Structure formats: structure tokens, C-alpha cells
Amino acid sequence: MNNVITKHHFLLSFLCFSFLKLSAFTFVCPGDITIPCDSDLSDLNRYGKAYTEHNGYKTWVHDCKVVYKLNDCGIGTITRTWGVEDTAWHWITCQQVITLSNTNVFTLRDIDWPDDLTIESCDPLTDLKNLSKPYNRPYYPTKVCTRPMYSYSDTWFRVDSGCQKLLREWKILDWCVYDPKSSAPKGIFSHTQIIKLVTSDTSVKLLVKKDTTVFATLDCRGVEVIFEPAKLISSCNVPHTIRNTSNYSKEKNADPSGIYPVGKTSFEVIGEYACGREIKCQITVNVVLKIPPVAYCLPGVIIDLMPIDTDGDGRADEGMVDVWASDLNKGSYHPCPDRKLKYSFSSDTSDKVRTYTCDHVGFNDVEIWITDDLGNQSFCKTRIEIQKNMIDDPKCGKTNIVQDRVDLFLDMQDQFGKKVTDSKIFVLSKSMNHKVNSQIVNGSSMLLFEKIYKDNSYEIVTQDCDYNWDNIDQNDVTVLTNMLSGKKYPEDIRIAADLNGNYKVDIDDLTILKSMIKSKKTLGSGAWVVCSFGMTLDEIGLHQNSYKNVTLQVSSDLHYSIIQKGNLAIEKFKPTTVEHKTTIDLTDGFSVTGQACKRIFYRANTAKSNSLILKIYDLQGKSVANFSIEASEGLLELPIGEGGLFIFSFEDKDNSVVRFGKVWLIN
């Protein structure tokens with residue numbers, strides 16, 4: 001407000017001016033004003049100057065008193081006071097008040113708030129500490145009469161340790177304006193920055209067993225499939241979860257083990273990490289039904305030839321009849337419902353019909369094979385008697401010869417070469433539907449079956465054998481682990497290691513063996529394998545009928561192996577270099593072979609001496625055997641009780657030791 005002073009000191013407000021009139025003398029001051037605190041104060045005259053008017057003349061008053069009342073932010077007042085003498089020699093003054101205000105000097109428009117961001121790395125928490133512009137803090141210009149300062153507070157939200165969201169609330173306070181006692185404080189600004197922290201790894205992998213085929217041999221509905229739990233591999237060890245989508249898994253986690261039905265089942269194993277990122281692996285489980293049909297044949301049938309007159313003389317001189325395999329079926333069935341069956345005379349399902357003529361008059365032994373729609377087979381044996389009642393020609397047919405009977409000697413050994421003389425093993429004749437029990441022959445390691453029909457077909461049956469738990473322990477787990485790591489073992493041990501019956505040794509067998517030891521639960525009918533001596537696991541897979549039941553032709557002494565599945569620990573019986581014999585060579589031509597029995601085969605060919613003494617000691621130094629041998633070959637029976645490690649020595653006639661060493665013998 002402009003101030004005008006007159007001689008009569010009369011104050012009049014009019015249009016922002018005050019007048020004090022004295023005759024024609026007028027004193028005018030600039031009016032009060034409010035300016036921003038960042039205004040230029042170098043020349044206050046820009047905000048007005050005082051002047052006098054007298055008799056039409058204006059005179060500027062240049063001198064004034066200036067009083068600053070400003071705080072440390074530059075906010076307050078500046079008071080300017082002018083004084084002059086009027087025409088009556090009176091001293092008069094006037095003032096101007098300049099108010100400096102902080103209002104609207106620092107506003108939201110001056111602030112660049114930090115941007116939202118997502119930190120995705122192996123260690124996002126460490127990266128959070130090293131943020132750079134424009135994420136690390138607010139930015140704003142430096143202005144006079146403002147003192148902005150910032151702070152923040154964090155609020156965390158987490159799905160897991162690898163997926164977190166941070167709400168960082170920034171606050172900027174203008175020290176020069178903010179008054180906490182005000183009902184509506186000014187000079188304080190807020191902003192929320194959203195930071196997403198994701199623990200991630202570009203090299204992440206999902207390890208899981210891929211497609212697998214298993215065989216259902218006990219239950220028509222399916223089989224329990226055991227998986228190794230899936231694993232998510234990451235160099236950062238990222239937090240994660242693993243689930244599976246299988247409808248048959250016991251749990252919906254990393255382990256999809258469960259009871260799967262016959263057929264193919266596909267599902268996914270899904271590893272989730274980094275806030276919902278997924279890595280998937282599809283698995284197909286193929287459960288193949290390996291339960292064969294149950295075959296029952298008619299115990300025997302009599303079929304008459306249909307007469308044929310080949311020469312037209314009115315007499316039947318030939319006969320013929322067609323017999324279908326299905327005609328000899330007697331209630332064969334499949335344990336699993338809805339399986340379709342085919343009947344044939346051999347494993348070839350197209351071999352459905354046989355033609356019989358005069359050449360077949362008499363007894364004819366046949367096999368009836370039952371094949372389901374999955375290719376599983378079983379068979380039974382029966383006898384067809386072809387008769388010629390309607391044939392006139394006496395030349396039709398042959399004399400029916402009664403089969404001779406013989407005694408069958410069966411040599412059985414286990415997977416360690418040990419003789420088996422368990423009388424529970426018996427031979428079953430399918431064609432005659434009778435059982436022939438075995439006997440232990442005195443003085444022999446063989447089993448005897450008396451009065452077996454010569455050249456007939458029989459099967460070894462071991463269903464009465466109990467599972468021997470005394471032979472199963474942690475040592476067998478060690479052997480199977482070594483086998484899976486590549487260590488070589490004899491073929492009979494590999495056969496014993498095939499616990500799930502898929503004709504190969506794999507990690508599934510190790511899982512089953514551990515479970516058996518823990519639960520003392522056997523494999524049921526698959527606990528024993530009977531196979532021809534020397535048969536490999538691959539050969540058993542190709543000839544599945546040899547897996548449980550072995551068809552024999554009685555013609556000579558037979559040699560077979562009976563193997564207890566899961567019994568693998570060779571170390572309990574003989575050294576790890578498993579062979580059927582251990583040979584020790586002598587530098588001067590002598591050799592001794594310790595077989596997997598208590599017999600020693602020796603060969604002594606040398607020019608140094610024609611006679612030697614072979615001595616056998618146990619590990620305590622006790623003499624077990626003492627033999628005089630000539631420079632030739634021979635077989636010695638050792639009077640040892642229990643098998644084990646023995647020491648042998650060759651001595652000449654002067655009792656000088658030619659050579660000594662160790663030999664492993666098994667009773």
C-alpha cells in the first residue's frame with residue numbers, strides 16, 4: 001500500500017494509497033507487498049520507492065532504513081522506512097513491509113519419484129542395496145529458501161523366499177514449510193514405489209524319470225509304480241515347488257508314485273519358481289498286463305476218422321478229420337475280465353486247426369495254447385486218440401506203442417553255484433495231469449524223479465519253495481548298487497537282481513529291494529526263478545516261458561538253476577572275483593584250480609620232479625588235506641566241512657616248498 005503523508009496528519013484510504021495533506025505538499029510511500037522467498041532482493045527499489053509532491057513537482061526520496069526479519073529459510077519480512085521534512089519543518093515518515101513467503105516455491109512438480117522396477121537375479125536382495133538412478137531415491141532441484149529432505153519405509157509381501165514384493169513409501173519434507181501442528185500440514189509429499197524381487201536362474205533344469213514301461217503280473221487293475229522324486233537343479237538354488245498332475249499319484253508333489261492302471265497314462269511334472277515361472281516335463285507310464293490266461297484242456301478226447309473211398313471200390317480205405325484247438329478247451333479263462341482269448345495248437349495263433357488221417361491213428365499228444373488280446377500266452381497239454389472205426393482198410397492206422405518210462409536225474413544249483421537238493425521241488429506232467437515228487441538220491445547232489453514218461457514234456461514247479469529271508473540283508477543292497485554303477489557280476493546274480501521282472505537291472509529293482517528288506521514282504525510267485533543252466537537274463541526275457549516254468553524233454557540228466565530273487569551278496573559265499581573256479585598258476589608248470597565246490601583239479605607237468613606233495617591248510621594253520629601226486633592230472637575230493645579261504649603248498653620230495661598260495665573253496 002502506498003503511503004501519502006500531509007501536514008494535517010489526516011489518514012485517508014483510497015485505492016491502496018494513504019494521503020496526509022498539508023497545503024500542496026504530499027509524501028507517498030510504496031504499498032506493502034508479498035513476494036516469493038526466492039525473489040531477487042539485490043535491489044529493493046524494484047518493489048517501489050517513496051517520493052514527495054509539492055506545487056506539482058515530484059521528488060524521489062532515496063534514503064531509507066531497511067530492517068530484515070528473516071528466518072534461516074529466508075522467510076519473514078523486510079521493513080523499509082523513509083523520512084522527510086514537510087514545508088512546516090515537521091519530520092514525517094512512512095513504511096513499506098515486504099513479506100517473503102515460501103508458498104508454492106517447492107511443489108510436486110519439482111519431484112522426480114523413483115520408478116517401479118522388477119529385480120530378477122540369483123540374489124535380488126543384494127541387488128536391492130545397489131540401485132542406481134532412477135530407482136534409488138527421489139530427485140529434485142536445489143532452490144533457495146527450501147530445504148527438502150527424504151526418507152522411506154518398507155512394507156514386505158512374500159509368496160516365498162524367491163518371490164517377494166516390496167512397497168517402499170518415500171516421503172519428502174520441506175523443512176522450511178512443514179508445520180506438524182497445523183491442521184492441514186503443508187510441505188510434505190508421499191509416493192509409493194513398487195519393487196518386485198524374483199530369485200531366478202536361466203540354467204534351471206528339472207530332473208525326472210522319463211517314460212517308463214512296467215509289467216503288471218499280479219493285479220489286473222494295474223501295478224504300483226515307484227518313482228524317484230523329481231528334482232529342480234539350479235546353480236542359484238532358487239526356491240521352488242514341484243507338483244505332478246497324475247490322477248494316480250499318492251501325493252501331488254515331486255513324487256508321482258502310485259498305483260497306475262493297465263495302459264498308457266500321461267501326466268506332467270511341473271517345477272514352479274521365480275514368481276510363477278514353470279518348467280514342465282511330460283511323463284508317460286505304460287503299464288503292460290503280463291498276467292497270462294489260465295489254460296485247462298480236456299483230459300483226453302477220442303475222435304473217429306471220417307471214411308474216404310480213394311479208389312472207388314466202395315470201401316473206405318482212408319480217413320480224415322479236422323480238429324480245432326478250441327474243441328479241446330475245457331473252461332480256460334483269464335484272471336482279468338474282458339480279455340479276449342484265442343486258441344491254437346502252438347504259440348502261433350494262426351495254428352488253429354489240425355488235420356488227422358490214418359497216419360495218426362492212436363494216441364497223439366498236443367499242446368493247446370491260450371493267447372489273450374495282449375499277446376500273453378499259456379498252454380496245457382492233452383492227448384487225442386484217433387480211432388478208425390468206420391475205416392474198412394486194415395492198413396489204416398498204426399499200432400499204438402506204449403511209451404517207455406525212465407528215471408530223471410535233475411541237477412539243481414543256486415546263483416552261487418551251490419547244489420540245491422530241496423525235495424519240495426517237483427515235476428508236474430501237464431499232459432497226464434499228475435505230479436511226480438522228487439527224491440534226494442543218497443550219495444548224490446541230484447534230485448531223482450522216478451518213472452517219468454520218456455520223451456514226454458514236463459515242467460519244473462517251485463511253488464512250494466519258501467522265501468529264505470536269512471539270505472537277504474544290506475549286503476545285497478550294496479551288491480545291487482555296485483551293479484548299477486557298472487561293476488560286473490555273473491549272469492545268475494543279474495537274474496536274481498531283476499526284482500520287478502522286466503528282464504533288466506535298473507534303479508527300480510534297487511527301490512524294491514530296499515522296500516523288501518524294510519517291510520519283509522516277498523515278491524509272491526515271482527520270488528524264484530528256474531531256468532536252464534547258463535541262461536542269460538536277456539534269454540529269459542526272450543523265452544518268457546522259461547522264467548517260471550521250464551519245459552523239459554526227458555532224454556538225459558538235466559541241469560537247471562533255481563535262483564532266489566534279491567539274494568545277491570556273493571561276498572558271503574565267495575570272493576568278489578566271481579568265477580566258477582579260481583586258477584593259480586605256478587611258475588614251474590604246476591597249477592591248481594579251486595572250483596565252487598570241495599573238489600580240486602590239479603595239473604602237474606614239470607621236468608624238475610615226478611612226484612609232489614599237495615598240502616591244504618586252513619587259516620589257523622591246521623592241516624586239512626595232504627596228498628601225494630604224480631606229474632599228471634587228477635581230481636581230488638577234499639575232506640573240508642565248511643567252505644572258505646584255504647592255504648595250499650606244493651612240496652618236493654626234500655620237503656622244500658615249491659610254491660604256496662591261497663585258494664577259495666566252497667562246500
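In this text the structure is predicted, and so the values were computed from the model without any measurement.
- More than 12 heavy atoms of other residues, nucleotides or ligands sit less than 6.0 Å from atom CZ of R46.
- Under the 3.5 Å distance criterion, the side-chain polar atoms of N482 are left unmatched by any main-chain donor or acceptor of K487.
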Output a table of donor-acceptor pairs, distance under 3.5 Å, between side-chain atoms of residues 261-275 and any protein atom two or more places apart or on a different chain; print 'none' if there are none.
unit_1: S266; atom_1: OG; unit_2: T284; atom_2: OG1; d: 2.9
unit_1: E272; atom_1: OE1; unit_2: R243; atom_2: NH1; d: 3.2

- Query: Does the side chain to side chain contact (heavy atoms under 4.5 Å, CB included) test come out yes or no for H54 and T87, once each step is laid out?
  - Reply: CA-CA 9 Å; H54 184 241; T87 55; 3.5 Å; yes
- Should Q193 and W170 be marked as a side chain to side chain donor-acceptor pair (under 3.5 Å) after you check the CA-CA gap, both sets of side-chain angles, and the distance that decides it? CA-CA 7 Å; Q193 179 187 20; W170 293 94; 2.9 Å; yes
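- Contact check for N286 versus V214: no side-chain heavy atoms found under the 4.5 Å cut-off.
- Atom CD of Q282 has more than 12 neighbouring heavy atoms from other residues, nucleotides or ligands inside a 6.0 Å radius.
- Within the 3.5 Å criterion, the main-chain N or O of G162 finds no donor-acceptor partner in the side chain of H240.
- Taking the charged nitrogens against the carboxylate oxygens, K565 and D509 have no contact shorter than 4.0 Å, which rules out a salt bridge.
- Partners of K280 under the salt bridge (charged side-chain N to carboxylate O under 4.0 Å, His left out) rule, at least two apart in sequence or in another chain, are E278.
- Side-chain contact annotation: D123 with S121, donor-acceptor N/O pair under 3.5 Å absent.
- Between N376 and T371, every side-chain heavy-atom pair lies at or beyond the 4.5 Å cut-off.
- In this view, W113 and H191 satisfy the ring-ring contact (aromatic ring centres under 6.0 Å, His included) rule, not counting sequence neighbours.
- What you find for I35 and I98 is that their closest heavy atoms are CD1-CG2, 3.7 Å.
- Using a 4.5 Å cut-off on side-chain heavy atoms (C-beta onward), D255 and I242 make no contact.
- The backbone N or O of T107 sits less than 3.5 Å from a side-chain atom of D110, completing a donor-acceptor pair.
- For a disulfide, the SG atoms of both cysteines must be under 2.5 angstrom apart; this holds for C336 and C220.
- Within a 6.0 Å radius of CH2 in W175, other residues, nucleotides and ligands contribute 12 heavy atoms or fewer.
- Within 6.0 Å of NZ on K205 lie no more than 12 heavy atoms contributed by other residues, nucleotides or ligands.
- For K165 and F157, the positive end is not near the middle of the six-membered ring at less than 6.0 Å and at most 45° from its axis.
- Scanning for salt bridge (charged side-chain N to carboxylate O under 4.0 Å, His left out) contacts around D115 gives an empty result, with sequence neighbours left out.
- Atoms CG and CE, from L568 and M483 in turn, are 5.5 Å apart once rounded to the nearest 0.5 Å.
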- Please report the C-alpha distance between L131 and L117 in whole Å, then the side-chain angles of each, then the deciding distance to 0.1 Å, and finally whether the side chain to side chain contact (heavy atoms under 4.5 Å, CB included) criterion is met. CA-CA 10 Å; L131 297 179; L117 79 155; 4.0 Å; yes
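- For the 3.5 Å distance criterion, the side chains of Y139 and N136 qualify, holding a donor opposite an acceptor.
- Counting non-hydrogen atoms of neighbouring residues, nucleotides and ligands closer than 6.0 angstrom, the CG atom of N237 reaches no more than 12 such neighbours.
- Proximity of K210 to C281: side-chain heavy atoms (C-beta onward) are separated by under 4.5 Å at one or more points.
- When each of W60, F25, F27 is paired with Y51, the ring pair (Phe, Tyr, Trp, His ring centres under 6.0 Å) condition holds for W60 and for no other.
- Side-chain contact between C176 and C145: absent, with no pair of heavy atoms (C-beta onward) separated by less than 4.5 Å.
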- Message: Using the rule given for side chain to side chain contact (heavy atoms under 4.5 Å, CB included), can you reason through V223 versus F215, listing the C-alpha separation, both sets of side-chain angles and the distance that settles it, and then say yes or no?
- Response: CA-CA 7 Å; V223 66; F215 299 103; over 6 Å; no
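- The cationic group of K171 does not satisfy the cation-pi geometry with F189, failing either the under 6.0 Å distance to the six-membered ring centre or the 45° limit from the ring axis.
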- Starting from the C-alpha separation in whole Å, work towards a yes-or-no answer on side chain to side chain donor-acceptor pair (under 3.5 Å) for S203 and D201. CA-CA 5 Å; S203 64; D201 180 8; 2.8 Å; yes
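- Between Q564 and A496, the closest heavy-atom pair is O-CB, 3.7 Å.
- E53 CD: more than 12 foreign heavy atoms inside a 6.0 Å radius.
- Side chains of N45 and R80 form a contact here, defined as non-hydrogen atoms less than 4.5 Å apart.
- The two atoms that bring G258 and K250 nearest to each other are CA-CG, 4.1 Å, heavy atoms only.
- Tested against I517 for a side chain to side chain contact (heavy atoms under 4.5 Å, CB included), the candidates D473, I472, I512 yield a single pass: I472.
- Within 6.0 Å of CG on D63 lie no more than 12 heavy atoms contributed by other residues, nucleotides or ligands.
- In this structure, T77 contributes its side chain and T79 its backbone to no donor-acceptor pair below 3.5 Å.
- Screening T99, N71, T146, N102 for a side chain to side chain contact (heavy atoms under 4.5 Å, CB included) involving C37 leaves a single residue, N102.
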- Pair D179-K181, salt bridge (charged side-chain N to carboxylate O under 4.0 Å, His left out): steps then yes or no: CA-CA 5 Å; D179 181 6; K181 296 180 181 180; over 6 Å; no
- Query: Can you list the steps and then say if K514 with T511 is a side chain to side chain donor-acceptor pair (under 3.5 Å)?
  - Reply: CA-CA 5 Å; K514 291 179 179 178; T511 302; over 6 Å; no
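- Smallest separation of non-hydrogen atoms from V66 and I78: CG1-CG2, 3.6 Å.
- For K49, there are no salt bridge (charged side-chain N to carboxylate O under 4.0 Å, His left out) partners, not counting sequence neighbours.
- Between I283 and F227 the shortest side-chain heavy-atom distance falls below 4.5 Å.
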- Query: How far apart are the C-alpha atoms of R168 and T192, what are their side-chain angles, what is the distance that settles it, and do they pass the side chain to side chain donor-acceptor pair (under 3.5 Å) test?
  - Reply: CA-CA 6 Å; R168 176 163 287 179; T192 300; over 6 Å; no
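- Checked by atom type and distance alone, the side chain of N244 pairs as donor or acceptor with a backbone atom of N253 at under 3.5 Å.
- R339 is linked by a salt bridge (charged side-chain N to carboxylate O under 4.0 Å, His left out) to D373, counting only residues two or more places apart in sequence or in another chain.
- Considering all non-hydrogen atoms of both residues, D498 and K504 come closest at OD1-O, 3.3 Å.
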- Criterion side chain to side chain contact (heavy atoms under 4.5 Å, CB included) on L480 and V505, from CA distance to verdict: CA-CA 9 Å; L480 184 48; V505 180; 3.6 Å; yes
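- Within a 6.0 Å sphere centred on CG of D338, other residues, nucleotides and ligands contribute 12 heavy atoms or fewer.
- The closest side-chain heavy-atom distance from N130 to T126 is below 4.5 Å.
- For the pair I172 and P148, the tightest heavy-atom approach, listed with the atom from each and the gap, is CG2-CB, 4.0 Å.
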